[in-house]
Amino acid sequence: MYQENYDDEEFVGNIDVVADSYANVDEIEDGAELDDDELLMQAQAGVQSIPEQIRNFLGHLHQNLKTAKVNDLSYNYENQFARLSDKYYAKSSWPEPQYVAALVGDDGLFLILYRELYYRHIYSRLHPSLETRFRSFENYCDLFNHILNSDGPTDLELPNQWLWDIVDEFIYQFQSFCTHRSRVNKRSADEISLLKENSQVWSTYSVLNVLYSLIQKSSICEQLRVAQQGGDVMEAAGEFGSRPLYKMLGYFSIVGLVRVHCMLGDYTLALQTLENIELGNSRALYTRVTACHVTVYYYVGFAYLMMGRYADATQTFVHILTFVSRTRQYQQRSHQFDSANKKAEQMYALLVIAVSLSPVRVDENIHTYLREKYADQQHKIQRGGEEAVNVISELYMFACPKFITPIAPNYDDVEATVVEPQAYQLRIFLREARLQLVVPTLRSFLKLYTTMDIERLSTFLEMDAAELRNQLMVYKQRCRQVKWVGGPDLLSGELVSTTDLEFALQEDMIFIAESRVGRRYADWFIRNANKVQDLVNSQENKQKSVIANTGKPQSEQAAVEA
């Protein structure tokens with residue numbers, strides 16, 4: 001049964017535990033210089049400073065964790081933790097872990113999970129110090145060591161959303177640390193010294209090792225492969241993979257690897273990582289967590305975009321954006337809503353780039369949204385030139401992932417020129433995009449005619465006829481792309497024409513043919529009929545309210561309206 005309010009039931013912890021467990025830990029300032037009595041007094045004061053509602057919440061969270069009540073844990077985690085954070089710790093950190101230890105009987109596993117929440121809250125609401133970044137990494141090491149290095153499967157059970165957030169936050173903090181350490185000129189001498197001495201902290205090798213270890217321990221690749229072939233999944237899962245904790249952590253680690261490879265700029269390896277995950281399957285495990293679902297499609301679409309497969313990128317973005325728009329009303333109360341909405345806005349910007357460079361028809365709702373919000377940008381890209389390049393650059397920098405450099409910088413040369421990974425990836429993308437810009441420009445002129453002399457078109461475009469002939473050949477080549485046609489291999493595909501506008505060049509005459517797809521008028525009428533019905537219902541409800549309040553005092557009417 002869910003506990004909505006803990007005020008009626010007080011949870012009493014053992015304060016004495018704090019002095020025994022944390023007497024030699026440097027988390028307590030000057031702890032080494034204090035005797036046991038002073039430590040106990042400090043611990044008691046720390047525990048008493050925790051609001052009663054927080055103490056009760058932590059107590060029940062601990063109890064649900066021990067008894068493996070996953071549904072209650074899900075409610076605690078997804079609803080109450082966020083609500084209490086907004087109420088008590090909007091601009092400060094949660095209580096120090098050494099004080100929480102007194103409330104949970106110094107339960108080591110619970111404290112590891114609490115520290116994960118504690119540091120994650122600092123990352124989201126405050127500015128983590130370098131020491132905080134180190135301690136968070138050590139805590140993740142403790143958590144993954146407990147899961148991976150135990151003699152048998154651990155009894156720990158967590159809701160899928162929490163498991164996803166653990167993997168997702170682990171990668172986010174890795175990316176944040178890489179960005180932090182790369183800005184050598186902004187680091188103090190003490191920070192540089194700490195970074196040198198702790199080169200293994202948040203290293204790329206350590207992060208990849210954790211993700212691959214979780215995948216291997218869970219046998220998730222074997223499970224997915226056997227499931228596709230219709231075999232015995234439980235046999236392939238083994239002792240560890242048959243447990244939900246290991247299975248879901250392994251699965252989410254695959255998605256995490258896709259993200260890491262994209263941040264490192266290896267888009268081919270990113271798509272190869274998903275060889276056992278079937279995109280478009282409504283029963284796939286990634287659909288159980290909305291944030292994971294959106295993340296998969298975001299990075300797959302971005303990888304396609306960077307590889308010049310604009311048709312595949314468009315198809316990927318349209319699929320997930322349609323899903324987000326249809327489920328938005330159900331996600332608004334979820335703590336995932338903000339992150340999913342932000343990712344959706346980034347994908348709309350990337351979709352503008354993909355559709356502008358390789359024009360194709362998209363879903364009517366998506367097309368309407370792009371026309372309302374990005375019409376100006378699309379027109380500028382269509383005109384070509386440096387203005388188009390600037391617009392693409394702005395959209396790209398807004399929507400691209402946070403790239404990282406996998407190795408540490410040269411700490412001894414503070415003034416050394418550091419190549420920003422964001423700018424480097426943008427240069428790579430623009431090198432291909434500049435060649436592709438010929439497509440929307442030529443297409444806008446060719447759509448106006450069925451036959452046209454090459455001299456006339458060269459006059460419109462203000463270029464030499466010989467140069468235009470070369471541009472038309474480039475247009476032909478750019479409109480033929482490898483397109484994924486299904487199956488587990490996202491890198492495979494068929495070479496197809498990705499445009500609805502074809503032309504043939506015979507001597508100096510251009511013959512143009514456009515294939516038109518009939519609009520689905522039924523969908524259009526149904527959608528707009530529903531909008532009209534909603535408007536009619538809204539007006540009728542307002543009219544009924546006015547009639548019901550007629551004759552009542554103004555104060556009572558105001559109370560009813562409120």
Side-chain angles (χ1 to χ4, degrees), residues 298 301-302 304-318 321 325 342-401 403 420 422-449 452 456-464 467-468 470-479 481 498-501 503 512 514:
Y298 170 78
F302 184 79
Y304 277 138
L305 189 69
M306 291 297 293
M307 297 172 70
R309 295 174 60 168
Y310 304 107
D312 282 332
T314 299
Q315 182 179 357
T316 303
F317 290 138
V318 168
L321 288 172
S325 64
K342 181 180 178 181
K343 271 287 181 284
E345 288 301 318
Q346 290 178 302
M347 286 189 284
Y348 275 119
L350 293 174
L351 182 60
V352 170
I353 297 175
V355 172
S356 298
L357 295 179
S358 182
V360 292
R361 296 181 183 274
V362 297
D363 179 81
E364 187 69 27
N365 289 334
I366 302 296
H367 176 72
T368 301
Y369 184 88
L370 295 182
R371 186 175 55 197
E372 292 175 354
K373 187 168 183 178
Y374 293 104
D376 186 48
Q377 288 92 328
Q378 286 181 304
H379 290 155
K380 289 179 180 179
I381 296 174
Q382 192 176 55
R383 288 196 292 266
E386 284 302 312
E387 185 181 36
V389 173
N390 293 334
V391 171
I392 291 174
S393 300
E394 291 175 4
L395 293 172
Y396 182 91
M397 294 302 288
F398 163 73
C400 70
F403 300 105
E420 287 289 338
Q422 305 288 112
Y424 178 73
Q425 293 293 330
L426 175 62
R427 287 204 305 271
I428 293 176
F429 179 73
L430 289 180
R431 185 173 58 189
E432 179 72 17
R434 288 178 188 273
L435 299 175
Q436 193 73 21
L437 279 174
V438 65
V439 173
T441 304
L442 285 176
R443 185 176 185 274
S444 63
F445 283 95
L446 295 175
K447 281 177 68 69
L448 302 176
Y449 301 89
M452 190 179 191
R456 180 182 297 179
L457 182 57
S458 65
T459 304
F460 290 157
L461 295 172
E462 299 179 352
M463 68 171 59
D464 182 70
E467 175 63 22
L468 176 58
N470 292 334
Q471 293 285 5
L472 289 171
M473 293 301 100
V474 172
Y475 177 93
K476 271 284 190 181
Q477 181 189 15
R478 291 286 162 180
C479 288
Q481 301 173 17
T498 58
T499 181
D500 56 358
L501 188 70
F503 71 91
I512 303 117
E514 182 179 6

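By convention here, the first residue in the shown sequence is residue 1. Not measured: the values here are computed from a predicted model. Hydrogens, waters and symmetry mates are skipped; everything else that's a heavy atom, side chains included, is used.
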Do [X] and [Y] have side-chain heavy atoms sitting under 4.5 Å apart?
X	Y	result
Gln481	Tyr304	no
Gln425	Tyr396	yes
Phe302	Thr316	no
Leu426	Gln422	no
Thr368	Arg371	yes
Ile392	Leu357	yes
Tyr298	Leu350	yes
Val389	Ile381	no

Closest heavy-atom contact between [X] and [Y]?
X	Y	answer
Leu370	Gln378	O-OE1, 3.9 Å
Ala313	Ala354	CB-CB, 4.5 Å
Glu432	Tyr310	CG-OH, 3.3 Å

### Task
Output, in order, the C-alpha distance, side-chain angles, deciding distance and verdict of side chain to side chain contact (heavy atoms under 4.5 Å, CB included) for Ser393 and Leu430.
CA-CA 8 Å; Ser393 300; Leu430 289 180; 3.4 Å; yes
### Charged N-O contact under 4.0 Å between Glu345 and Lys373
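Salt bridge flag = yes for Lys373 with Glu345.
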### Pair Arg434 + Glu386, salt bridge at N-O below 4.0 Å
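Answer for the salt bridge query: yes.
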Atom [atom1] in [X], atom [atom2] in [Y]: separation rounded to 0.5 Å?
X	Y	atom1	atom2	value
Asp464	Ser458	CG	OG	7.0 Å
Ser356	Leu351	OG	CG	8.5 Å
Leu395	Gln346	CG	CD	12.0 Å
Asp363	Thr314	CG	OG1	13.0 Å

### Task
Please indicate whether Phe398 has more than 12 foreign heavy atoms, meaning atoms of other residues, nucleotides or ligands, lying under 6.0 Å from its CZ.
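Correct, the count exceeds 12.
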### Message
Pair Asp312, Leu305 - check side chain to side chain contact (heavy atoms under 4.5 Å, CB included), show working.
### Response
CA-CA 8 Å; Asp312 282 332; Leu305 189 69; over 6 Å; no
### Contact list for residues 342-393, test ring-ring contact (aromatic ring centres under 6.0 Å, His included), sequence neighbours left out
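Sorted pair list: Tyr348-Tyr369.
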